[in-house]
Amino acid sequence: MAKVAIITGASSGIGRTSAIALSEKGWSVVLFARRLENLLETKAMCADPEQCLAIQGDVTSEEMVLDLFRQTISRFGRLDLLFNNAGISAPQIPIEELTLSQFEQVVNVNLVGTFLCTREAVKIFKSQTPQGGRIINNGSISAYTPRPHSTPYTSTKHAVLGMTKSTLLDGRKFNITCTQIDIGNAQTDMAGSHSDGAMQPDGRIVPEHMMDVKHVGDAVAYIAGLPHEVTVLTFNIMATRMPFVGRG
């Protein structure tokens, strides 16, 4: 019986690549994002589109998240993996220029959305037979070292690390494990501009080295394939020559 994964933010980038990687390993995949046309493109790229379910929705909507998990169980009967991948960033401007709505939007997608999906996944993991499951949270190297003018994004990614640890601790006796994957400079629409030039702590704009996003999808599939007796708490994957160790 194929294992079942939910991937949020599956319409492009890391979510799309991870869906393809999991489908190639025989997983049934539930794709969730706001852009239905892009979700359907992801579904068509998977190894077995018939084992993929595309659901349009927003992780910040509690009702849409509830419906996502209802439809998953209705179609596949169980859940083995949740990849909390959906995320956004705010304009890279000084904090005094940020509006409250800009800050709240990032918090709602990156943190509240992760909470809502995690809560529903844990309910299923505890109630199903055999009991258990795995959650992978898309963190960032900004959960450890920020870029300049990134208060909303960096704050949420630090918070996601706390949620990852709490989920792992509270899920321990229920065979529920949780990983944070911290990604640096994968070639996606969101991060691709770093190859043209990214702001450094001294104010310079410097082109940075990037890596093929396929390696991230392969890493997600590897972690997903581990038995529940094995936990990877944090997994850092980044372009070798990007500035992180010694950043600044």
Are the side chain of Gln102 and the backbone N or O of Pro91 linked by a donor-acceptor pair below 3.5 Å? no
Look at the side-chain heavy atoms of Ile, Leu, Val, Met, Phe, Trp and Tyr, link any pair under 4.5 Å apart, and say whether Leu161 and Val232 land in one connected group. no
Name of the residue among Ile135, Asn175, Asp80, Leu81 meeting side-chain contact (heavy atoms from CB on, under 4.5 Å) with Phe125: Ile135
Taking Ser155 for the side chain and Thr151 for the main chain, is one N or O donor matched with an acceptor at less than 3.5 Å? yes
Between Asn110 and Thr156, does any side-chain donor sit less than 3.5 Å from a side-chain acceptor? yes
Does one side chain, of Asn85 or Ser18, offer a donor that lies under 3.5 Å from an acceptor on the other? no
Ignoring hydrogens and angles, tell me if any N or O in the side chain of Gln56 forms a donor-acceptor pair with the backbone of Arg34 under 3.5 Å. yes
In one Ile/Leu/Val/Met/Phe/Trp/Tyr side-chain cluster, 4.5 Å: Val29, Met45: no
Looking only at non-hydrogen atoms, find the nearest pair between Lys157 and Ala143 and report the distance. O-CB, 3.5 Å
For Gln51, does its backbone N or O pair with a side-chain atom of Arg75 as donor and acceptor, under 3.5 Å? no
Identify whether the distance between the nearest side-chain nitrogen and carboxylate oxygen of Glu63 and Arg70 falls below 4.0 Å. yes
Residues which pass side chain to side chain contact (heavy atoms under 4.5 Å, CB included) with Ser11, listed by chain and number, not counting sequence neighbours: Ala33, Arg35, Asn38, Leu39
Any side-chain donor paired with an acceptor under 3.5 Å for Thr177 and Thr231? yes
Donor-acceptor check, side chain of Asp182 to backbone of Ser140, threshold 3.5 angstrom: yes or no? yes
Is a side-chain N or O of Ser150 found less than 3.5 angstrom from the main chain of Arg147, in a donor-acceptor match? yes
Could you tell me whether the side chain of Ser61 and the main chain of Met64 form a donor-acceptor pair under 3.5 Å? yes
Taking Glu62 first and then Arg119, would you say they form a salt bridge - that is, a charged N and a carboxylate O separated by under 4.0 Å? yes
Could you point out which residue of Thr8, Asn137, Thr114 forms a side chain to side chain donor-acceptor pair (under 3.5 Å) with Asn84? Asn137
Assigning hydrophobic clusters by single linkage (Ile, Leu, Val, Met, Phe, Trp, Tyr; side-chain heavy-atom cutoff under 4.5 Å), is Ile6 placed with Ile223? no
For atom CZ of Arg78, decide whether the heavy atoms of other residues, nucleotides or ligands shown that lie under 6.0 angstrom number more than 12. yes
More than 12 heavy atoms of other residues, nucleotides or ligands under 6.0 Å from CD of Glu41: is that the case? yes
Among the clusters formed by ILVMFWY side chains lying less than 4.5 Å apart, do Leu111 and Phe83 turn up in the same one? no
